[in-house]
*Asks:* 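Pasting in a structure now, in structure tokens, and then I'll have a few things to ask.
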Amino acid sequence: MDETGDIMKQHRMGVVMATYDNAGTIAGIVQRVQAITSRIIVVDDGCTDDTLQQLQRLPQPPHIVSYKPNRGKGHALVEGFKRARELGWDYVITLDSDGQHFPEDIPLLVEAAVQHPGALIVGERGTEHDNMPRGNTFANRFSNFWFTLQTGIKLNDTQTGYRLYPIKRLRWLRLTTSRYEAELEMLVFAAWHGIKIVPVPVRVYYPPQGERVTHFRPYADFGRISLLNTALCVGAVVYGWPMLLYRKIAKK
């Protein structure tokens, strides 16, 4: 472990990874994380392949949370956050288990968290990358627009799963939806509750089409995100915007 691991231990930081049928990449990603920190929780979200066996065969198996059947990424993250709280962690870094994110960028998020205590750090991927699916750019811009409308905050990547959460400040986890849209919901609720959101540029890798493993269902998941945005717009009018206005007035 390097200096970043010592800083993470000092500030009670750890890594939570939700995984579903990523047997081809999970072991390598976990070992790259362990080169930085031993504090890692992997949530087996009802995997049907040998992902769990891959984790158990590692020289240093991570802390594993496992259940059946598959419940969705949002549910998996919440289960990981709950276990992190039980272990006494104050901050959690989340990254995908499919190889899209570079564990070597963890120090960037840690450094930003030390500079901005209590903030939610967002790993910003950018929109120009080799093999990036066309739908990703549209979905991200669509999400960015609604996020700005709902919170008054402008972000360039509201779809990223590479984040550092101040989990002791996440008091609304029981409201979190269960699948991909949960990460957007958590971001909006963080803004409404006055948590500072800090973007940090990170790298991203999109494998060629034939090698890509994704569980994103374009029509079903985009429909769920659209319904969530509708609900969040209503919530912004009756709760989010009044809370933001109250904080501005209170500061003055």
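Only a predicted model underlies this, so the values are computations on that prediction, with no experimental measurement involved.
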*Asks:* Give, for atom OH of Tyr206 and atom CG of Asp98, the distance between the pair rounded to the nearest 0.5 Å.
*Replies:* 9.5 Å
*Asks:* Please lay out, stage by stage, how Phe81 and Thr94 fare under the test side chain to side chain contact (heavy atoms under 4.5 Å, CB included).
*Replies:* CA-CA 10 Å; Phe81 292 167; Thr94 62; 3.8 Å; yes
*Asks:* Does CH2 belonging to Trp146 count more than 12 external heavy atoms closer than 6.0 Å?
*Replies:* no
*Asks:* Side chains of Pro59 and Gln31, heavy atoms from C-beta outward: is any pair under 4.5 Å?
*Replies:* yes
*Asks:* Check for me, please, whether Met243 and Leu170 land in the same ILVMFWY cluster - side-chain distances under 4.5 Å, paths through other members count.
*Replies:* yes
*Asks:* For the CD atom of Glu79 and the CD1 atom of Ile41, what is their distance to the nearest 0.5 Å?
*Replies:* 11.0 Å
*Asks:* Write down the atom of Pro103, the atom of Leu95, and the distance for their closest heavy-atom approach.
*Replies:* CG-CD1, 4.0 Å
*Asks:* Once rounded to the nearest 0.5 Å, what's the spacing between atom CD of Glu124 and atom CD of Gln159?
*Replies:* 13.0 Å
*Asks:* Got a donor-acceptor contact below 3.5 angstrom from the Asp157 side chain to the Thr160 backbone?
*Replies:* yes
*Asks:* Indicate, with yes or no, if Leu232 and Val234 share a hydrophobic cluster defined by side-chain heavy-atom contacts under 4.5 Å among Ile, Leu, Val, Met, Phe, Trp and Tyr.
*Replies:* no
*Asks:* Looking at Val33, is its backbone amide N or carbonyl O close enough to the side chain of Thr37 to form a donor-acceptor pair, meaning the two atoms are under 3.5 Å apart?
*Replies:* no
*Asks:* Does OH in Tyr246 sit with more than 12 non-hydrogen atoms of other residues, nucleotides or ligands closer than 6.0 Å?
*Replies:* no
*Asks:* Taking all non-hydrogen atoms of both residues, which atom of Pro62 and which atom of Gln34 are closest, and how far apart?
*Replies:* N-NE2, 4.1 Å
*Asks:* Do Tyr162 and Val114 share a hydrophobic cluster, counting only Ile, Leu, Val, Met, Phe, Trp and Tyr and linking them when any side-chain heavy atoms are less than 4.5 Å apart?
*Replies:* yes
*Asks:* Taking everything shown except Arg85 itself, do over 12 heavy atoms lie less than 6.0 Å from its CZ?
*Replies:* yes
*Asks:* Does a sphere of radius 6.0 Å around CD in Gln60 hold more than 12 heavy atoms from other residues, nucleotides or ligands, not counting ones at 6.0 Å or beyond?
*Replies:* no
*Asks:* Within this structure, what is the CG-OG1 distance for the pair Leu155 and Thr148, rounded to the nearest 0.5 Å?
*Replies:* 7.0 Å
*Asks:* Assess whether side chain to side chain contact (heavy atoms under 4.5 Å, CB included) is satisfied between Glu183 and Leu187, documenting all intermediate values.
*Replies:* CA-CA 6 Å; Glu183 289 175 308; Leu187 202 61; over 6 Å; no
*Asks:* Could you please spell out the steps behind the salt bridge (Lys or Arg N to Asp or Glu O under 4.0 Å) verdict for Asp105 and Arg125?
*Replies:* CA-CA 11 Å; Asp105 285 342; Arg125 300 166 297 176; over 6 Å; no
*Asks:* Please confirm whether the backbone N or O of Ile26 pairs with a side-chain atom of Ser97, one donor and one acceptor, at under 3.5 Å?
*Replies:* no
*Asks:* Mind listing the closest non-hydrogen atom pair of Arg39 and Met8 along with its distance?
*Replies:* NH1-O, 4.3 Å
*Asks:* Could you check whether any side-chain N or O of Asn70 sits under 3.5 Å from a backbone N or O of Gly46, counting only pairs where one atom can act as donor and the other as acceptor?
*Replies:* no
*Asks:* Show the numbers, then the answer: is there a side chain to side chain contact (heavy atoms under 4.5 Å, CB included) between Asp50 and Arg57?
*Replies:* CA-CA 11 Å; Asp50 65 340; Arg57 293 186 194 124; 4.2 Å; yes
*Asks:* Is the shortest heavy-atom distance from the side chain of Val43 to the side chain of Arg83 under 4.5 Å?
*Replies:* no
*Asks:* Would you kindly say whether Asp44 and Tyr20 are connected by a side-chain donor-acceptor distance under 3.5 Å?
*Replies:* no
*Asks:* Determine whether Val78 and Leu87 fall in the same hydrophobic cluster, where Ile, Leu, Val, Met, Phe, Trp and Tyr are linked whenever their side-chain heavy atoms lie under 4.5 Å apart.
*Replies:* yes
*Asks:* Begin from the C-alpha positions of Ile64 and Gln56 and carry the test side chain to side chain contact (heavy atoms under 4.5 Å, CB included) through to its verdict.
*Replies:* CA-CA 9 Å; Ile64 300 173; Gln56 293 170 334; 4.3 Å; yes
*Asks:* Between Phe102 and Val202, is there a side-chain heavy-atom distance shorter than 4.5 Å?
*Replies:* no
*Asks:* May I ask you to check whether Arg171 and His193 show a side-chain donor-acceptor distance below 3.5 Å?
*Replies:* no
*Asks:* Please answer whether the main-chain N or O of Ala190 pairs with a side-chain N or O of Arg169 as donor and acceptor at a distance below 3.5 Å.
*Replies:* no
*Asks:* Could you work out the complete set of other residues in the hydrophobic cluster of Leu245, with links drawn between I, L, V, M, F, W and Y side chains under 4.5 Å apart?
*Replies:* Ile249
*Asks:* I want to check something: taking the side chain as every heavy atom from C-beta on, are Val16 and Tyr165 in contact at a cut-off of under 4.5 Å?
*Replies:* no
*Asks:* Which atoms form the tightest heavy-atom contact between Gly118 and Pro166, and what is the distance?
*Replies:* O-CG, 3.5 Å
*Asks:* Are more than 12 heavy atoms, taken from residues, nucleotides or ligands other than Lys248, located less than 6.0 Å from that residue's NZ atom?
*Replies:* no
*Asks:* Would you confirm whether Asp96, through its side chain, and His101, through its main-chain N or O, come within 3.5 Å as a donor-acceptor pair?
*Replies:* no
*Asks:* For the pair Asn144 (side chain) and Thr158 (backbone), establish whether a donor and an acceptor sit closer than 3.5 Å, ignoring hydrogens and angles.
*Replies:* yes
*Asks:* Checking Tyr91 now: which residues fulfil side chain to side chain donor-acceptor pair (under 3.5 Å) with it, not counting sequence neighbours?
*Replies:* none
*Asks:* What heavy-atom pair brings Ala236 and Pro242 nearest, and what distance separates the two atoms?
*Replies:* O-CD, 3.5 Å
*Asks:* First locate atom NZ of Lys73, then atom CG of Asp45, and finally report the distance between them rounded to the nearest 0.5 Å.
*Replies:* 10.5 Å
*Asks:* Between Ala27 and Gln54, what is the shortest heavy-atom contact and its length?
*Replies:* CB-OE1, 4.2 Å
*Asks:* Kindly compute the distance separating CH2 (Trp89) from CD1 (Ile167), expressed to the nearest 0.5 Å.
*Replies:* 8.0 Å
*Asks:* Not counting sequence neighbours, which residues clear side chain to side chain donor-acceptor pair (under 3.5 Å) with Arg12? List them please.
*Replies:* none
*Asks:* Under the criterion side-chain contact (heavy atoms from CB on, under 4.5 Å), which of Thr4, Val122, Ile93 is the partner of Leu109?
*Replies:* Ile93
*Asks:* Classify the side-chain pair Thr51/Asn22 by whether it contains a donor and acceptor separated by less than 3.5 Å.
*Replies:* no
*Asks:* Trp241 side chain to Gln150 main-chain N or O, any donor-acceptor pair under 3.5 Å?
*Replies:* yes
*Asks:* Pairing donors with acceptors under 3.5 angstrom, does anything connect the side chains of Glu181 and Asn229?
*Replies:* no
*Asks:* Do Ile40 and Leu58 share a hydrophobic cluster (ILVMFWY, side-chain heavy atoms under 4.5 Å, transitive)?
*Replies:* yes
